[in-house]
Amino acid sequence: MSSTGSSSFPRSQRLKSKKVSELVFATGLKLKAPPIIVRYLDTPLSEPVAAQVMVTVSKRNFKRAVDRNRIKRLMREAWRLQKVELENQLIADEKQRAIVFIFVASEMPNYEIVRDAMASLIQKMLPTKTAQD
RNA sequence: AAAAAAUGAGACUUCAUCGCUCCCAUACGGGAGAGGAAAGUCCGGACAACGCAGGGCACCGUACUUCUCGAAAGGAAGGCAUGUUUUACAUGACAGAUAGUGCUACAGAAAUUUAGACCGCCGAUGGCGCCUCACCGAGGCAAACAGGUAAGGUUGAAAAGGUGAGGUAAGAGCUCACCAGCGGCGAAGCGAUUCGUCGGCUCUGGUAAACCUUGCGGGUUGCAAGAUCGCAUAGACUGACAUCUGAGGGUUGCCCGCCCAAGUCAGUGGGUUGAUUGCAUAGAUAAAUGAUGAAGCGCUUCGGCGAACAGAAUCCGGCUUACCAUUUUUUUUUACAA
RNA sequence: UCCCCGAUGGUGUAAUGGUAACACACCGGUUUUUGGUGCCGUUAUUCCAGGUUCGAGUCCUGGUCGGGGAA
């Protein structure tokens, strides 16, 4: 496991396992900060990282691949720049976490909306973690 | 000058910081990184597997000519047809309806192996009736009985060439002239085709984006093809057929042919379903190509915006569809000036 | 990525190239004291745009939307 958090986001920090993702959708905790919903679960991961993240956008709301690609890139960028605090907390607690971000609105967002929603979600995930301890 | 249409170009640029994917490097570090359509998947090709040689049928595609491209339903030039603002553009699945079969509703008298007589026209010829001529017989009149007739009317998308003249009892390509279509011959052209001439019109409605016929072309399946490694494994039971005069299999939509052949097929019930490669001078596999700031440039309703269509998944060529600002060329219309 | 299908009233389905039919639902009328039942009626640019044909839901071409399959 990498010793400290940083603002890089390599492939090893992407959630790719079908089993883990199904487990997250079935039993993970759920938090809302419109227009994003997050589901997450503390579980052992295949790679030695603090967290693995997946972002999704429904094809039903955004028909064109260009729009879906842009929203997913904005969400990844917002996560990359704000994840350090949560990562450090997880490393301190020696836990691994699988996280899925779901974009549920049907209108194109700008970067400020995505960044603020992501910040709100990360702050919400921190207290619940500390409360369990 | 404006508007509209068609057509071609164009598809923001540079720098810095933080990141992402791949490659090179021991390391520091360095390099590459979405489109004109990446789209639709409509054509064609590369590549791959299958067939053990080969042949036939079925099926599918295609259809004016010449040239061109590795090939194609692509491109260029030309011919013909249709349309229009009619002589210049646009469009065209432009082989065959005289090989055969089918369909052609309703309406209409009649809708296709020279059809069809409802109204109409005629009734020369034959017959019935009446009248006149003093006979045999001849002539006339009326009706429309037999019958003739496709000129005219009616229906329909379509009624069996069109117009005119002759002809006839009335009519009819029955005859003639011109036109249209068909066929033969000659000339021009590589050719599609065009022009001229002759012939008969007894055989000629439409539909082939109906079956079909003719010519030409196509083996089938697609990177989830395929290859390698790994993991698992299984025998059993039931039924059928057969053991060289041979079941079954290779074998594909089918058949012939060819090859293998002692066990095979079907069902019940079980096991496995990971990775690498294929794969690229962008290149992954829950799928990278982004965010922020500055300057320039463009637009602006002076707030600002970076645009429209749109995001590589084996690759290449073409087609089709979508498309903002700016701009090239052409055409048309309107206005103004000379 | 590759290969295939489909689209008909509000819903579910029909329809040899020849008047778009049936059932349920909705709405209106009628019968009934009222409601139900029954009876009568209304409701479709056959997904869109072109083409072939005398005539297209059907045949052909292009597009839009929806659905399915693959080792």
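Residue numbers start from 1 in every chain, and the chains themselves are labelled A, B, ... in the order their sequence lines are given, proteins ahead of strands. All values derive from a computational prediction rather than experimental measurement. Values below: all heavy atoms of this structure, side chains included; hydrogens, waters and symmetry mates excluded.
At a cut-off of 3.5 angstrom, counting only N and O atoms as typed in the model, there is no donor on one side facing an acceptor on the other between the side-chain of A:Arg76 and the base of B:rC20.
Nucleotides B:rU285 and B:rU7 have their P atoms positioned 43 Å apart, rounded to a whole Å. Look at the P atom in both B:rG219 and B:rG186: the space between them is 43 Å, to the nearest Å. Distance noted for atom C1' between B:rG222 and B:rA99: 42 Å (whole Å). Only the C1' atoms considered, C:rC60 is 15 Å distant from B:rG92, to the nearest whole Å. For the P atoms, the distance linking B:rC122 with B:rA158 amounts to 30 Å, nearest Å. Atom name C1', nucleotides B:rG298 and B:rA93: the rounded distance is 48 Å, in whole Å. Spacing between B:rC20 and B:rG290 at atom C1', rounded to whole Å, works out to 8 Å. Look at the P atom in both B:rC223 and B:rU314: the space between them is 8 Å, to the nearest Å.
Taking syn as a glycosidic angle within 90° of 0, B:rA280 qualifies as syn. Glycosidic conformation of B:rG173 is syn; the angle stays within 90° of 0. Taking the syn range as angles within 90° of 0, the glycosidic angle of B:rG36 is syn. Annotated as anti: B:rA172, whose glycosidic dihedral deviates from 0 by more than 90°. For B:rG205, the glycosidic angle deviates from 0 by more than 90°, giving an anti base.
Per the geometry, CG belonging to A:Asp67 stands 17 Å off P belonging to B:rA39, to the nearest Å. One can place CZ of A:Phe101 at 20 Å from P of B:rA286, the figure rounded to the nearest angstrom. Whole-Å rounding puts the A:Asn69 CG to B:rA312 P distance at 8 Å. Per the geometry, CE belonging to A:Met75 stands 21 Å off P belonging to B:rG19, to the nearest Å. Atom CZ in A:Arg70 sits about 15 Å away from atom P in B:rA288, given to the nearest Å. Here B:rG19 presents its P atom at 13 Å from OH of A:Tyr111, a figure rounded to the nearest Å. Computed from coordinates, the A:Arg80 CZ to B:rA291 P distance equals 11 Å when rounded to whole Å. At whole-Å resolution of the value, CH2 in A:Trp79 and P in B:rC20 are 15 Å apart.
Of the inter-residue distances, the one linking A:Ile99 atom CD1 with A:Leu121 atom CG reads 10.0 Å to the nearest 0.5 angstrom. Taken to the nearest 0.5 Å, the CE atom of A:Met75 stands 11.5 Å off from the CE atom of A:Met54. Residue A:Trp79 holds its CH2 atom at 6.5 Å from CD of A:Glu87, rounded to the nearest 0.5 Å.
Hydrophobic cluster membership differs between A:Val66 and A:Val55, with clusters built from Ile, Leu, Val, Met, Phe, Trp and Tyr side chains linked at under 4.5 angstrom. If you chain together hydrophobic residues whose side chains sit under 4.5 Å apart, A:Phe9 and A:Ile122 fall into the same group.
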Item to complete: Show your reasoning for whether side chain to side chain contact (heavy atoms under 4.5 Å, CB included) applies to A:Glu85 and A:Gln123.
Response: CA-CA 9 Å; A:Glu85 190 179 357; A:Gln123 289 305 316; 3.3 Å; yes

Fill in: Chi angles and distances behind the side chain to side chain contact (heavy atoms under 4.5 Å, CB included) call for A:Gln13, A:Arg80
CA-CA 10 Å; A:Gln13 292 181 19; A:Arg80 180 179 73 80; over 6 Å; no

Worksheet entry | Worked verdict on A:Val38 versus A:Lys124 for side chain to side chain contact (heavy atoms under 4.5 Å, CB included) | CA-CA 10 Å; A:Val38 64; A:Lys124 283 182 185 175; over 6 Å; no

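Across all strands shown, B:rC136 has no partner, as no Watson-Crick or G-U wobble contact with both distances under 3.5 Å is found. Both distances falling under 3.5 Å, in either a Watson-Crick or a G-U wobble arrangement, occur for no nucleotide opposite B:rA313. Checking C:rU52 for Watson-Crick or G-U wobble geometry (two distances, each under 3.5 Å) identifies no partner in any strand. When both distances must be under 3.5 Å, the Watson-Crick or G-U wobble mate of C:rU46 does not exist. Within the shown strands, B:rA39 is the pairing partner of B:rU320 under the Watson-Crick or G-U definition, both distances less than 3.5 Å. B:rG303: no Watson-Crick or G-U partner with both key distances under 3.5 Å is found in any strand. Base-pair partner of B:rA53: not found among the strands shown (Watson-Crick or G-U wobble, both distances under 3.5 Å). Using Watson-Crick or G-U wobble geometry with both donor-acceptor distances under 3.5 Å, B:rC237 finds its partner in B:rG267.
With B:rG311, B:rA286, B:rU21 as the choices, the nucleotide that has an atom nearest any side-chain atom of A:Met54 turns out to be B:rA286. Among the nucleotides B:rA291, B:rC20, B:rA34, the one closest to the side chain of A:Pro10 is B:rC20.
Along RNA chain B, the nucleotide closest to A:Glu77 and the one closest to A:Val66 are compared, and the more 5′ of them pairs with A:Glu77. Take the nearest nucleotide of RNA chain B for A:Glu112 and for A:Lys72: the residue whose nucleotide is more 5' is A:Lys72.
Within 4.0 Å (heavy atoms only), A:Arg68 reaches no atom of the nucleic acid at all.
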